[in-house]
Q: 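Please see the structure below; I have some questions.
In listed order, ligands and their atoms are each counted from 1. Numbers here simply count residues along the sequence, with the first being 1.
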Amino acid sequence: MEKIHVGTGRSYDVYIGRGILENVGSCLKESGAGKAVLVCGENVFPLYAEKINLALEKEGFKVFDFIIEPGEASKSLETYGKLLEFLCEKELTRSDMLIALGGGVTGDLTGFAAATYQRGIGFIQIPTTLLAMVDSSVGGKTAVNLSGGKNRAGAFWQPSAVLCDPDTLRTLPEREYRSGMAEVIKYGVLGSRAFFDELAGDIPCSHEHIIGTCVKMKRDIVAEDEFDTGKRRLLNLGHSFGHAIEALSEFKMTHGEAVSAGTAIIARASAAMGYMAESEAGSIIKCLKKYGLPTETGYSKEEIERFVRMDKKLSGDTISLAVPREIGSCDIIGVPLGDIPRWLSLGGVK
Ligand SMILES: NC(=O)c1ccc[n+]([C@@H]2O[C@H](COP(=O)([O-])OP(=O)(O)OC[C@H]3O[C@@H](n4cnc5c(N)ncnc54)[C@H](O)[C@@H]3O)[C@@H](O)[C@H]2O)c1
């Protein structure tokens with residue numbers, strides 16, 4: 001089992017290891033909690049919840065299950081409200097715990113409820129998608145969506161621990177696995193050519209290696225910039241256009257698919273602007289394609305621009321774009337909104 005310490009304001013450990021789900025009881029025992037609410041999607045619940053409930057009950061916890069519908073639609077004010085009412089009904093106190101078992105949707109929703117219930121109670125992330133293991137479960141960004149935009153209501157609230165069991169990926173649908181690979185490739189592009197080369201190469205990497213590498217990279221960035229005012233924006237590579245594409249598809253595209261298309265667009269635009277060699281952009285696009293990810297979009301410049309204007313990375317009339325300079329290195333560039341259509345055009349958007 002690998003243990004990675006995340007040195008944010010409230011620090012915690014990420015545990016990566018096969019069969020780790022059984023350890024959730026001992027992990028929570030240290031917290032001194034008496035009750036736990038397990039939040040889980042109805043797809044994941046029959047697969048792993050019983051094991052966790054039993055492990056917790058064995059340690060003397062009273063566990064209540066809160067089951068949500070799978071999909072982005074559950075990252076809503078409505079589900080969030082119902083969850084808060086459930087916590088009240090079960091009389092959770094500040095010393096009790098929430099547990100998020102599932103993908104990024106479950107983690108973001110549970111984290112936001114934990115951040116705001118009684119002004120903050122502890123929560124544990126048990127990610128079961130590749131995307132959640134390598135990205136969303138670490139770093140403390142929690143949120144729900146509003147009709148005016150994705151992740152518009154949220155808080156920075158670090159988990160008390162993250163337990164990643166790569167064995168849970170065995171049941172993950174292929175499409176969701178590929179979606180997670182978009183975020184994995186992002187780490188290679190923004191911070192490590194060696195890791196990118198491994199991903200682009202012919203020898204498959206183990207899940208433990210992929211998760212451990214990404215978590216350490218995220219840990220280093222988040223420890224330096226917990227509240228997303230500088231370096232952490234690098235993690236947004238592919239997301240400014242990606243979030244727009246995801247919303248335009250009405251969430252029929254997965255988060256990772258949209259991020260993949262967004263990464264390809266920004267890579268092409270960066271090369272066309274002379275920030276990065278054409279061959280580097282070509283390698284990024286080839287690697288995304290290798291994992292069956294989209295590198296084009298059918299949406300128009302005008303459509304994408306409309307959603308980019310709702311992005312949280314907007315400050316006045318300028319948006320912070322993460323732009324690759326070469327594989328393994330990326331810069332944050334302030335781009336006036338008026339220039340976005342040109343960037344999209346150079347990125348191959350019609
Ligand atoms: N907080 C952050 O820092 C951060 C970072 C990146 C993405 N996100 C958010 O994460 C969300 C996307 O997360 P996601 O890609 O994990 O999607 P998801 O949570 O919607 O999960 C994808 C699907 O896989 C199913 N599933 C999950 N684990 C499974 C398993 N082991 N076996 C079988 N089925 C399983 C789920 O029920 C769901 O249908 C988006 O809302 C995105 O905004 C947040």
Q: Does K150 reach ligand 1, in the sense of a heavy atom lying below 4.0 Å from it?
A: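 Under 4.0 Å: yes for K150.
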Q: Quick one: does Y80's side chain get under 4.5 Å of E85's, heavy atoms only?
A: no
Q: What do you reckon, does E72 have a nitrogen or oxygen under 3.5 Å from a nitrogen or oxygen of ligand 1?
A: yes
Q: Specify side chain, backbone, both or neither for K141, according to which of its non-hydrogen atoms lie closer than 4.0 Å to ligand 1.
A: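 Both backbone and side chain of K141 come within 4.0 Å of ligand 1.
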Q: One thing to verify: whether E278 and R268 come together as a salt bridge, which I'm taking to mean a side-chain N less than 4.0 angstrom from a carboxylate O.
A: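 No, R268 and E278 are not salt-bridged.
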Q: Heavy atoms, side chains only, cut-off 4.5 Å: are E305 and L337 in contact?
A: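 Of all side-chain heavy-atom pairs linking L337 with E305, none is under 4.5 Å.
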Q: Which atoms of ligand 1 sit under 4.0 Å from any heavy atom of L47?
A: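 Numbered from 1, ligand 1 contributes 32 (N), 33 (C).
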Q: Return yes or no for this condition: an N or O of T128 is under 3.5 Å from an N or O of ligand 1.
A: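 For ligand 1, there is an N or O atom that lies under 3.5 Å from one belonging to T128.
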Q: Just to check, does T254 reach to within less than 4.0 Å of ligand 1 when the distance is taken from its heavy atoms?
A: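 It does not, in that no heavy atom of T254 comes within the 4.0 Å cut-off of ligand 1.
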Q: Is it true that S137 lies under 4.0 Å from ligand 1, counting heavy atoms only?
A: no
Q: Just to be sure I read this right, does ligand 1 sit under 4.0 Å from the backbone of T171, its side chain, both, or neither, counting only heavy atoms?
A: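 Both of them.
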Q: Rounded to the nearest 0.5 Å, what separation is found between the NZ atom of K218 and the CG atom of D220?
A: 12.5 Å
Q: Please state which part of P127 comes within less than 4.0 Å of ligand 1, counting heavy atoms only: side chain, backbone, both or neither.
A: neither
Q: May I ask you to identify the nearest protein heavy atom to atom 4 (C) of ligand 1, giving residue, atom name and distance to one decimal place in Å?
A: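 Among all protein heavy atoms, the one nearest atom 4 (C) of ligand 1 is S136 CB, 3.2 Å.
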Q: In sequence, state the C-alpha distance, the side-chain angles, and the governing distance for E303 and S300, and then conclude on side-chain hydrogen bond (donor to acceptor under 3.5 Å, both in side chains).
A: CA-CA 5 Å; E303 285 172 311; S300 68; 3.3 Å; yes
Q: Taking the basic N atoms (NZ, or NE/NH1/NH2) and the acidic carboxylate oxygens, is any pair closer than 4.0 Å for K350 and E296?
A: no
Q: Looking at ligand 1, does any of its N/O atoms fall within less than 3.5 Å of an N/O of T106?
A: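 No, since none of the N or O atoms of T106 sits under 3.5 Å from an N or O of ligand 1.
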Q: Flag T142 as yes when one of its N or O atoms lies below 3.5 Å from any N or O atom of ligand 1, and as no otherwise.
A: no
Q: Show which atoms of ligand 1 fall inside a sub-4.0 Å distance from at least one heavy-atom site of Y48.
A: 31 (N)
Q: With heavy-atom distances below 4.5 Å as the criterion, would you say the side chains of Y15 and D13 are in contact?
A: yes
Q: Taking NZ, NE, NH1 and NH2 as the nitrogens, is one of them in K186 or E183 under 4.0 Å from a carboxylate oxygen of the other?
A: yes
Q: In this structure, which one of T106, V162, V24 forms a side-chain contact (heavy atoms from CB on, under 4.5 Å) with I126?
A: V24
Q: Below 6.0 angstrom between ring centroids: does that apply to F195 and Y187?
A: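 Centroid distance F195-Y187: not below 6.0 Å, so no.
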Q: Any idea which part of V105 is under 4.0 Å from ligand 1, heavy-atom wise: side chain, backbone, both or neither?
A: both
Q: Is the closest heavy-atom distance from G41 to ligand 1 below 4.0 Å?
A: no
Q: Under 4.0 Å from ligand 1, counting heavy atoms only, is it the side chain of R175, its backbone, both or neither?
A: neither
Q: How far is atom 24 (O) of ligand 1 from its nearest protein heavy atom, and which residue and atom name does that atom have?
A: E176 CG, 3.8 Å
Q: Measuring from non-hydrogen atoms of K218 to any atom of ligand 1, is the shortest distance under 4.0 Å?
A: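 Judged by the 4.0 Å heavy-atom criterion, K218 does count as contacting ligand 1.
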Q: How close do I16 and I20 get, heavy atom to heavy atom, and via which atoms?
A: N-CD1, 4.1 Å
Q: Name the closest protein heavy atom to atom 37 (O) of ligand 1, giving the residue it belongs to and the distance to 0.1 Å.
A: N43 ND2, 3.2 Å
Q: Below a 4.0 angstrom heavy-atom separation, can you tell me which part of V44, side chain or backbone, both or neither, approaches ligand 1?
A: side chain
Q: Return the residue, atom name and 0.1 Å-rounded distance of the protein heavy atom closest to atom 17 (O) of ligand 1.
A: G104 N, 4.2 Å
Q: Please state which part of P70 comes within less than 4.0 Å of ligand 1, counting heavy atoms only: side chain, backbone, both or neither.
A: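 Looking at P70 and ligand 1, just side chain atoms fall under 4.0 Å.
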Q: Are D96 and K90 close enough for a salt bridge, meaning some N to O gap below 4.0 Å?
A: no
Q: For atom 16 (O) of ligand 1, find the nearest protein heavy atom and state the residue, atom name and distance (0.1 Å precision).
A: T129 OG1, 2.6 Å
Q: Looking at K141 and D108, is any side-chain nitrogen of the basic one under 4.0 Å from a carboxylate oxygen of the acidic one?
A: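 Answer for the salt bridge query: no.
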Q: Any chance you could measure D225, atom CG, to K231, atom NZ, to the nearest 0.5 Å?
A: 9.5 Å
Q: What atoms of ligand 1 come within less than 4.0 Å of a heavy atom belonging to P173?
A: 33 (C), 34 (N)
Q: Just say parallel, tilted or perpendicular for the rings of H255 and H243, cut-offs at 30° and 60°.
A: tilted
Q: Between D108 and ligand 1, which part of the residue brings a heavy atom under 4.0 Å of the ligand: side chain, backbone, both or neither?
A: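 The side chain, only.
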Q: As a check for students: among L172, T168, L131, D135, identify the option with a heavy atom nearest to atom 31 (N) of ligand 1.
A: T168
